[in-house]
Amino acid sequence: MTLRNVEQLERELKDAFKNRALIYWAIYDELRTELGAERAKTLLARAIRRRGEAAGNALFRNTPADPQAIGQRFLDVSPADGRLFPTTVTCDDRGGMHIHVQICPLKEAWEESGLPAADMATICKIAGHFDNGVFENRGVKFSADTWTEGRSGCCHLHLERA
């Protein structure tokens with residue numbers, strides 16, 4: 001495969017993630033019109049979390065319940081060798097791993113579409129439920145800080161000893 005083909009595949013993958021983001025927004029926007037914002041958030045977050053659980057079950061099948069092992073496994077399968085979701089990673093003295101996603105194609109799509117900051121923060125929080133599904137119930141403590149206006153990068157994922 002040539003470098004040109006790899007670059008094209010990477011662009012197409014990034015576009016697919018951006019399309020996913022816009023689908024999330026379209027579904028949320030329809031649901032909130034019909035059901036109200038709170039019910040829409042609940043339903044979409046629950047569906048996204050469920051998909052994350054399935055992905056996490058497959059990804060971490062043979063991974064020990066250790067924050068750094070789980071975090072490293074997650075980073076090892078990051079699309080395009082981590083280029084689509086570049087991160088900075090810190091480990092703490094208690095064995096925890098903290099992953100700060102610097103750039104996210106989903107967030108880029110919402111920015112490019114002109115979504116207001118408040119709506120972007122809402123859909124980031126909803127989309128972040130995928131990570132909850134991926135990481136929860138793995139024998140570690142998981143929390144995430146999703147993007148809010150004024151915050152750099154995107155989400156911050158925290159994996160700590162249970």
Side-chain angles (χ1 to χ4, degrees), residues 6-7 9-21 23-25 27-28 38 40-111 115 117-162:
V6 170
E7 289 170 346
L9 286 172
E10 192 172 315
R11 267 192 317 278
E12 290 170 354
L13 181 59
K14 186 174 188 175
D15 288 346
F17 274 99
K18 287 182 173 186
N19 187 54
R20 179 177 122 197
I23 290 170
Y24 282 177
W25 176 255
I27 292 169
Y28 170 70
E38 289 309 309
K41 286 180 208 175
T42 299
L43 290 173
L44 187 54
R46 189 169 62 210
I48 290 170
R49 177 187 293 255
R50 190 172 68 206
R51 180 62 200 122
E53 288 171 357
N57 288 341
L59 180 61
F60 300 121
R61 184 169 293 128
N62 297 311
T63 306
D66 172 76
Q68 292 183 16
I70 289 171
Q72 192 56 56
R73 175 75 177 125
F74 173 73
L75 294 170
D76 286 346
V77 299
S78 184
D81 293 324
R83 289 187 302 277
L84 289 186
F85 295 89
T87 60
T88 56
V89 177
T90 57
C91 294
D92 62 43
D93 58 0
R94 296 175 312 280
M97 181 180 270
H98 308 277
I99 302 167
H100 179 195
V101 179
Q102 301 293 316
I103 298 170
C104 170
L106 284 78
K107 183 176 166 249
E108 285 180 331
W110 297 319
E111 288 173 326
L115 215 56
D119 286 337
M120 236 172 58
T122 296
I123 198 67
C124 280
K125 187 170 184 71
I126 293 168
H129 282 268
F130 184 86
D131 295 322
N132 290 86
V134 166
F135 291 110
E136 290 176 350
N137 302 315
R138 307 291 163 216
V140 300
K141 179 182 172 190
F142 172 74
S143 63
D145 306 314
T146 56
W147 179 85
T148 56
E149 188 172 12
R151 181 177 212 152
S152 67
C154 197
C155 57
H156 296 203
L157 309 176
H158 308 283
L159 299 162
E160 299 173 289
R161 296 207 182 279

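Worth knowing before you read on, the calculation uses all heavy atoms, side chains too, and leaves out hydrogens, waters and symmetry mates.
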For residues 48-55, which side-chain N or O atoms pair as donor and acceptor with protein atoms under 3.5 Å away, sequence neighbours left out?
from	atom 1	to	atom 2	distance (Å)
R49	NH1	E136	OE1	2.5
R49	NH2	H129	ND1	3.2

Looking only at heavy atoms, what is the nearest atom pair of C154 and C104, with distance? SG-CB, 3.5 Å
Output, in order, the C-alpha distance, side-chain angles, deciding distance and verdict of side chain to side chain contact (heavy atoms under 4.5 Å, CB included) for F142 and V134. CA-CA 10 Å; F142 172 74; V134 166; over 6 Å; no
Contact summary for I70 and A65, nearest pair of heavy atoms: CD1-CA, 4.2 Å
What residues, two or more places apart in sequence or in another chain, satisfy salt bridge (charged side-chain N to carboxylate O under 4.0 Å, His left out) together with D119? R32
Salt bridge (charged side-chain N to carboxylate O under 4.0 Å, His left out) pairs, two or more places apart, involving residues 68-81: D81-R83
Below 4.5 Å, heavy atoms only, C-beta onward: do Y24 and L106 meet side chain to side chain? yes
Side chain of W147, backbone of C124: donor and acceptor closer than 3.5 Å? no
Would you mind reporting whether Q68 and Q72 have side-chain heavy atoms less than 4.5 Å apart? no
By the ring pair (Phe, Tyr, Trp, His ring centres under 6.0 Å) test, which pairs, at least two apart or in different chains, include something from residues 41-82? F60-F135, F74-F135
Side-chain contact test, heavy atoms from C-beta onward, threshold under 4.5 Å: evaluate it for F17 versus P79 and give yes or no. yes
Are I99 and M97 close enough, and set up right, to give a side chain to side chain contact (heavy atoms under 4.5 Å, CB included), and what steps lead you there? CA-CA 7 Å; I99 302 167; M97 181 180 270; 4.1 Å; yes
Only counting residues at least two apart or in another chain, list the ones meeting salt bridge (charged side-chain N to carboxylate O under 4.0 Å, His left out) with E12. none
Working to the nearest 0.5 angstrom, can you tell me the gap between T146 OG1 and M120 CE? 11.0 Å
With sequence neighbours excluded, what pairs up with N57 under the side chain to side chain donor-acceptor pair (under 3.5 Å) test? R138
Side chain to side chain donor-acceptor pair (under 3.5 Å) with K125: which residues, sequence neighbours excluded? none
Using residues 155-162 as the side-chain source, report each donor-acceptor pair under 3.5 Å to any protein atom, sequence neighbours left out, with the distance given to one decimal.
from	atom 1	to	atom 2	distance (Å)
H156	ND1	R151	NH2	3.2
H156	NE2	H100	NE2	2.8
H158	ND1	H98	ND1	2.9
H158	NE2	D145	OD2	2.8
R161	NE	R94	O	3.3
R161	NH1	D66	OD1	3.0
R161	NH2	D66	OD1	3.2

Got a sec, which residues hit side chain to side chain donor-acceptor pair (under 3.5 Å) with T88, two or more places apart in sequence or on another chain? Q102
First locate atom CH2 of W25, then atom CG of L115, and finally report the distance between them rounded to the nearest 0.5 Å. 4.5 Å
Atom of G96, atom of P67 and distance for their closest heavy-atom approach: CA-CB, 4.2 Å
So, using side-chain contact (heavy atoms from CB on, under 4.5 Å) as the criterion, who are the partners of P64 when residues are at least two apart? A69
Counting C-beta onward and ignoring hydrogens, is there a side-chain heavy-atom pair between L43 and Y28 closer than 4.5 Å? no
Partners passing side chain to side chain donor-acceptor pair (under 3.5 Å) against R11 (at least two apart in sequence or in another chain): none
Residue N137 excluded, over 12 heavy atoms near CG under 6.0 Å: no
How would you list, by chain and number, every residue that makes a side-chain contact (heavy atoms from CB on, under 4.5 Å) with E38, sequence neighbours excluded? K41
